[in-house]
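Everything below concerns the one structure shown next.
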Protein chains: 2
Amino acid sequence: MKATINDVAKQAEVSIKTVSRVINNEVSVRQATRDKVLAAVKALDYQPNLAARNLAGTKSYSIAYVYDNPNAYYIIDMQKGILSACKKQGYELLIHPCNAKADNITQEISTMVKQSRVAGLVLTPPFSEMPEFVQQMKQLDVKIVRIMSGDVAPDDLTPCIMVNDHQASYKITQHLIDLGHRHIGFIVGGAEHKSSSERLSGYTQALKDNDIAISENLIVHGEYSFESGVHGAKSLIAEEIKPTAIFSCNDEIAAGALFAARLMNIAIPEELSIVGFENSPFSRQTWPTLTTADQPNDQIAENATNLLIAHVRNQSLKNIVTHYTPELVVRNSTGRVSTDKNI
Amino acid sequence: MKATINDVAKQAEVSIKTVSRVINNEVSVRQATRDKVLAAVKALDYQPNLAARNLAGTKSYSIAYVYDNPNAYYIIDMQKGILSACKKQGYELLIHPCNAKADNITQEISTMVKQSRVAGLVLTPPFSEMPEFVQQMKQLDVKIVRIMSGDVAPDDLTPCIMVNDHQASYKITQHLIDLGHRHIGFIVGGAEHKSSSERLSGYTQALKDNDIAISENLIVHGEYSFESGVHGAKSLIAEEIKPTAIFSCNDEIAAGALFAARLMNIAIPEELSIVGFENSPFSRQTWPTLTTADQPNDQIAENATNLLIAHVRNQSLKNIVTHYTPELVVRNSTGRVSTDKNI
DNA sequence: ATACCAATTGACAGCGCTGTCAATTGGTAT
DNA sequence: ATACCAATTGACAGCGCTGTCAATTGGTAT
């Protein structure tokens, strides 16, 4: 039925080992031999069996993406980028959504890694930002790549993608300040995500640099969810000194904030500017469309996966760390502060 | 490092075959022996190696989800349901997003199936609704389960989940009619999805049964996308005889329609009612929230996967086909037709 | 106590590859 | 023509399981 390495070897009149060499792109095979084998591979439509490769070799051709994130757009983008790298390099991907707070989470991942002989893990927040978890994964004899928020990568020789949320957040805040806003509310995302504090610190830094006082009343702590945006915006708008702009930690929160503004009959951006973060489809589909920061998640994911695969193969990497800074995208949810507003 | 079946056998003082029997839940093992083995499994934290099982056995423990759908919420829900069934039954899931219209698509899936020794495929539209594709998959020696739109399952002894979009659509249309609407626009989703025509036929049937004339001008053909909703609604509203309600083939289209209405300063639902289909998060996050039909995608997916796994294991199934009918969910985007409106 | 037979257990081959190491090949220097 | 050695190729074991079939066990009827 399905052709095996034996069939190819027979057809090409070489040993199975030589076929193995050809499909693994090893160097010491004469060109003429290589051609014979490739012809046989093609004629028989041969696909090496990954289970056998995983079992026989010291290498494995499976990696897994472990995540705990309710943001469908984010996950789909990540999967897309990871799969793109996997396909090019002949790896298969297992996805493993799970609960980061479950107390047997290490056990759970460990089981999966053993069962499926996973060679490497792609970790996104919050997993990538849980040091003990990362430590335990390393002891499992599994390579990892982390996508995390911040500027300085952990100094542990593991590949990393650092997303400079602080700087991107600074730019967004500066954009609001340039529009004349002085009372800018901030809805913080989930505390288990480092991006929340990084984005908050970019915001406070920008305020400081512009000599604007930071008011704790304008900072609301929430989750990365639509509902959090609704509640956060409601409570900010109820403040004695209302903000003229609201910085939402991501687009979903921003969509919630827009919803709340609509509930309270507040015109966006005339009476209130709202910004998001992520440039997810949300930001193009709300009314008005959202000013946000563009984070190329699929690129980040593909890049991370390439680093991981190189790491799995013990290839030496020039750059074990890659940096990204999301870019400001101005749409219709931000405008100049109206001069006749209360201050 | 990782415990193997040999380690367990040694520790339990039995043969590896007996260990194999215990972990496969075979019947003819004495209770005392079973207990010894299970104790050893636990003590060594043993996890059977899936690659070896796939290779050694005639069965495989991998299934794949093949899809071509830009709807992130739908995909995430499906994955969740599939994974839930996989986890319970010890299967691993590969995801395979791809382009259904690529001309080498059969080749592509075939490669994946061979490489990863996939035992079964979960197919959603449009793949599940492409008869030649399904036929070719069967020749690949891979089992399938299809989730498709319609009432009557294909008569080919393959497990199927049928979603009765016609009936659900009928109910939604009746809801609009009950609210007094007589001019109801319809934005059709992508033609490659049978759900589009099924939902359309439910709509026309409901109109007929209520003696309402069907106007081709009120039916716009599009895709399952936000942009299609924007364009569709714009063109419907530009009609000489404006609709007082718009039935959108899914929530994303409906969100686009809402966007268009907002652009044109049309109050929802006072001047225009809009409905969606799917009950995705969209429908709770738009303004106003959407009346829609609830489709429990994760349940459908889990159910489908259970059918598939039973099929893969050659277990006889009582019911090879399961039927679902989405339920009407009334929210704030629909209202009584205003009596002073133009007709 | 003995025969019998179903229930239980184990020996061994083999799934399709890769790793190790030994054997062969063929080009180069003499 | 010959020796030599790097380049190329192949033989064989083994990865960790399951399938097949044969061997052993132990409970029941006599």
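Every value quoted in this text rests on a predicted model; they were computed, and no experiment measured them. Every chain is numbered from 1 and lettered A, B, ... according to where its sequence line falls, protein lines coming before strand lines.
Spacing between atom NZ of A/Lys114 and atom C1' of D/dC17 amounts to 17 Å, rounded to whole angstrom units. Remark: C1' of C/dC15 and OH of B/Tyr61 are 14 Å apart, rounded to the nearest angstrom. B/Arg30 places its CZ atom 13 Å from the C1' atom of C/dG10, with the value rounded to the nearest Å. Straight-line distance from the CD1 atom of B/Ile16 to the P atom of D/dC15: 11 Å, rounded to whole Å. Remark: P of D/dC15 and CG of B/Asp7 are 11 Å apart, rounded to the nearest angstrom. Summarising the geometry, the separation between CG on A/Leu50 and P on C/dC17 is reported as 10 Å, rounded to the nearest angstrom. Rounding to whole angstrom units, NZ of residue B/Lys17 and P of D/dT24 are separated by 19 Å. As rounded to whole Å, 12 Å separates atom P of D/dG19 from atom CZ of B/Arg313.
Atom-to-atom distance recorded for A/His311:NE2 and A/Asn306:CG is 14.5 Å, nearest 0.5 angstrom. Within the model, atoms CG of B/Leu50 and CG of A/Leu55 stand 11.5 Å from one another, a figure rounded to the nearest 0.5 Å. Of the inter-residue distances, the one linking A/Lys36 atom NZ with A/Gln11 atom CD reads 11.5 Å to the nearest 0.5 angstrom. Taking CD1 from B/Ile63 and CD1 from B/Ile95, the interatomic distance works out to 12.5 Å, rounded to the nearest 0.5 Å.
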field: Base-pairing string, 5' to 3', of DNA chain C - Watson-Crick or wobble, under 3.5 Å, | interstrand
entry: ||||||||||||||||||||||||||||||
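Between A/Thr18 and D/dT9 there is no side-chain polar atom (N or O) within less than 4.0 angstrom of OP1 or OP2. Residue B/Ser20 places at least one side-chain N or O closer than 4.0 Å to OP1 or OP2 of D/dT18. Checking the phosphate oxygens (OP1, OP2) of D/dT9, a side-chain nitrogen or oxygen of A/Thr33 falls inside 4.0 Å. Taking side-chain N and O atoms only, A/Ser15 has a distance below 4.0 Å to OP1 or OP2 of D/dG10. Of the side-chain N and O atoms in B/Tyr46, one or more sit less than 4.0 angstrom from OP1 or OP2 of D/dC17. OP1 or OP2 of D/dT18 lies within a sub-4.0 Å distance of a side-chain N or O belonging to B/Asn24.
Contact record, A/Ile147 with A/Ala301: CD1-CA, 4.4 Å, taken as the closest heavy-atom pair.
Residue whose closest nucleotide on DNA chain C sits further toward the 5' end, between A/Pro48 and B/Val14: B/Val14.
Applying the 3.5 Å distance criterion, the base of C/dG10 shares a donor-acceptor pair with the side chain of B/Arg21.
Checked by atom type, the side-chain pair A/Ser195/A/Tyr224 shows a donor-acceptor distance below 3.5 Å.
More than 12 heavy atoms of other shown residues, nucleotides or ligands fall within 6.0 angstrom of atom NZ in A/Lys138.
The existence of a salt bridge linking B/Glu108 and A/Lys87 is confirmed by a sub-4.0 Å separation between a basic side-chain nitrogen and an acidic carboxylate oxygen.
Contacts of B/Arg117 with the nucleic acid, taken as non-hydrogen atoms under 4.0 Å apart, involve only primed sugar atoms and P, OP1 or OP2. Counting non-hydrogen atoms under 4.0 angstrom, A/Thr4 reaches the backbone sugars and phosphates but no base.
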